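Below, chains carry the letters A, B, ... as their sequence lines are ordered, and counting in each starts from 1. It should be emphasised that the depicted structure is a prediction, and the values quoted were computed from it without experimental measurement.
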Protein chains: 2
Amino acid sequence: MSSTLGFAILAVLARSERSGYEIAARMRQPVGYFWTASHSQIHGELQKLLTGGLVGFEARHGPGPQDKKIYRITPEGLAELREWVTAPPRARPERDELVLKTYASWLADPAEVRRLFAEQLAVHEARLAEYEREKESFGGEPVFGDPAFGGWAALRCGLGYERHRADWCRWMLDQLS
Amino acid sequence: MSSTLGFAILAVLARSERSGYEIAARMRQPVGYFWTASHSQIHGELQKLLTGGLVGFEARHGPGPQDKKIYRITPEGLAELREWVTAPPRARPERDELVLKTYASWLADPAEVRRLFAEQLAVHEARLAEYEREKESFGGEPVFGDPAFGGWAALRCGLGYERHRADWCRWMLDQLS
DNA sequence: AATCTCATGTAAGCTGTTACATGATTTA
DNA sequence: TAAATCATGTAACAGCTTACATGAGATT
C-alpha cells in the first residue's frame with residue numbers, strides 16, 4: 001500500500017526511467033498541475049518504493065558529488081499502479097482559503113474585498129491564457145490509449161476549473177458594485 | 001500569526017460564541033464545504049488561540065464529565081481576522097488524485113476507466129442536487145454586507161465547481177466511447 | 001439495556017514544507 | 001568569477017488523521 005505520492009512517482013516512471021532530480025522537475029511542470037512534491041519528499045518516497053520492490057535503480061556517475069540514480073518501475077510496481085488507477089479516489093476534505101475568506105468577508109472593507117477578487121481574477125485569467133497556449137502546442141487531439149491523452153485530459157480539466165473560478169470572481173465583483 | 005485553521009475558527013466565532021464541540025459540528029456542515037477539521041485538531045488550535053489572546057472562554061457545567069467551554073472572539077482576535085480576510089490567500093499546491101489517475105489511465109482497462117468516471121459523475125450530480133436544494137432554502141439572495149452573503153457566495157462557488165467537474169466527467173466518458 | 005448525542009482531551013503516526021549540507025559542471 | 005543547473009540526502013517542524021480515553025444525559 002503506497003501513498004498517493006508513491007503512485008504519482010510510479011505514474012511518472014511508467015512513462016520512462018528517471019532520476020529523483022528529474023522526477024522532482026516533473027513535479028513542478030507538467031505533472032505539477034495536479035500533483036506536487038519537493039525533492040526531499042521524493043527522495044524519501046523513492047526509498048520506500050525501493051524497499052517495497054516497486055522500483056529499482058541503476059547508478060550512473062556524474063555530475064555532482066554523489067552518483068546519479070536512474071529509477072525504473074518494476075513489474076510489481078506496474079501491477080500496483082494499474083490496480084490503483086481505476087480504484088475510487090479517496091475523498092480529500094475540501095480546503096479553500098479564498099472561499100473561507102469570502103465567508104468572513106462581511107467583516108471587511110468592501111473596497112479591500114474588491115481588490116482581493118480583482119487580483120484573484122487576474123491570476124485565473126493569466127493561467128487560462130497559459131493553458132490556452134499549451135492547448136495550441138498539442139498538435140492534434142490525442143485519443144484515449146495514447147499516453148499523451150492523460151496530459152490532454154488534465155489540461156481540459158484545468159481549463160474548465162480556471163474558467164469556473166474566473167466566472168465566480170467576476171460574479172463576486174458584480175456583487176460588490 | 002495564526003494558521004488558516006485558526007482563522008477558520010475565528011470566522012465561526014465572529015458570528016456567535018460556541019463550544020469546541022459546536023465548532024467541530026460546523027466544520028462538518030456548512031463551513032465544512034470549504035474548510036474541515038476534526039475535533040482533536042480544533043481543541044488543540046483553541047488552546048493556541050487562547051494563549052495568543054485571540055479568544056476567551058467561559059466555563060459552563062454539564063452535561064458530560066468536563067465543563068463545557070463557551071469560546072468567544074476577543075477584540076484582538078477580531079482585528080487579526082479582519083486583517084486576514086483581505087490578505088492574499090497563500091497558494092496551495094494543487095493535488096488532484098482523479099486527474100493523476102487520468103494521467104496514468106493509458107495503462108488501464110477502458111471499461112474500468114469508464115466505470116470510474118461514471119461513479120465520479122454520479123457523485124458530482126448528487127452534490128449538485130444537494131446544493132440546488134440548499135439554494136432553494138435561501139429565501140432571497142443575500143447581498144454583500146449581510147453575514148448570510150458569505151454562505152450564499154460559497155454555495156454559488158460550490159455549484160460552479162460541481163458543474164465544471166460533472167462536465168469534465170461527461171467529456172471523459174465521451175472520449176471513452 | 002443499548003445506543004446516540006454532548007463534551008473534552010491526549011498520543012501516535014503520516015504527510016508535507018523549509019532549511020541545512022555538500023559539491024561538480026556548465027553557462028553568463 | 002559568479003551564478004545557475006545538476007544531484008542527493010538529512011533534520012526540524014507544522015498540519016492533519018486516526019485511535020485511545022472518559023463519562024453524563026437523552027433517546028430508543
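- Going from atom CH2 of A:Trp35 over to atom P of C:dT17 covers 10 Å, rounded to whole Å.
- Note on ring orientation: taking the six-membered ring where Trp is involved, the planes of B:Phe57 and B:Tyr71 are tilted (angle from 30° to 60°).
- Residue-to-nucleotide contacts include a donor-acceptor pair under 3.5 Å from the side chain of B:His39 to the base of C:dT8.
- Phosphate proximity of D:dT5 to A:Lys68: absent, as no side-chain N or O sits under 4.0 Å from OP1 or OP2.
- Atom CZ in A:Arg60 sits about 16 Å away from atom C1' in D:dT8, given to the nearest Å.
- The distance from atom NE2 of B:His43 to atom P of D:dT22 is 17 Å, rounded to the nearest whole Å.
- As judged by a 4.0 angstrom heavy-atom cut-off over every strand, B:Arg95 is placed among residues touching the sugar-phosphate backbone only.
- Note: B:Phe117 and B:Trp168 meet the aromatic proximity criterion, with ring centroids under 6.0 Å apart.
- Of the residues listed (B:Leu49, B:Leu81, B:Leu54, B:Ile9), the one engaging B:Ile73 in a side chain to side chain contact (heavy atoms under 4.5 Å, CB included) is B:Leu81, and it is the only one.
- No contact: B:Arg90 has no heavy atom under 4.0 Å from any strand.
- Nearest to the side chain of A:Lys69, among C:dT18, D:dG9, D:dC16, sits D:dG9.
- Sequence order on DNA chain D of the closest nucleotides to A:Gly20 and B:Ser38 puts A:Gly20 first from the 5' end.
- Residue B:Arg28 contributes atom CZ, which lies 11 Å from atom C1' of C:dT5 at whole-angstrom precision.
- Contact check, B:Tyr21 against C:dT8: no side-chain N or O comes under 4.0 Å of OP1 or OP2.
- For the pair B:Glu45 and B:Gly6, the tightest heavy-atom approach, listed with the atom from each and the gap, is OE2-CA, 3.6 Å.
- Distance B:Arg92 CZ to D:dG15 C1': 9 Å, rounded to the nearest Å.
- Judged by closest nucleotide on DNA chain C, B:Ile70 is the one of B:Pro93 and B:Ile70 placed further toward the 5' end.
- Listed nucleotides: C:dT15, C:dT8, D:dT8. Nearest to the side chain of A:Gln41: C:dT15.
- In this structure, the CD atom of A:Glu45 is 13 Å from the P atom of C:dT17, given to the nearest Å.
- Taking the six-membered ring for Trp and the full ring otherwise, the centers of A:Trp106 and B:Phe149 sit at least 6.0 Å from each other.
- In the set D:dA11, C:dG9, D:dG15, the nucleotide with an atom closest to the side chain of A:Ser40 is D:dA11.
- Between the C1' atom of C:dA7 and the CD atom of B:Glu58 lies a distance of 16 Å, rounded to the nearest Å.
- As rounded to whole Å, 12 Å separates atom P of D:dT17 from atom CE of B:Met27.
- Picking from D:dG9, D:dG15, D:dC6 the nucleotide with the shortest atom distance to the side chain of B:Ser3 gives D:dG15.
- Side-chain proximity of B:Gln47 to the nucleotides D:dG15, C:dT17, C:dG9 is greatest for C:dG9.
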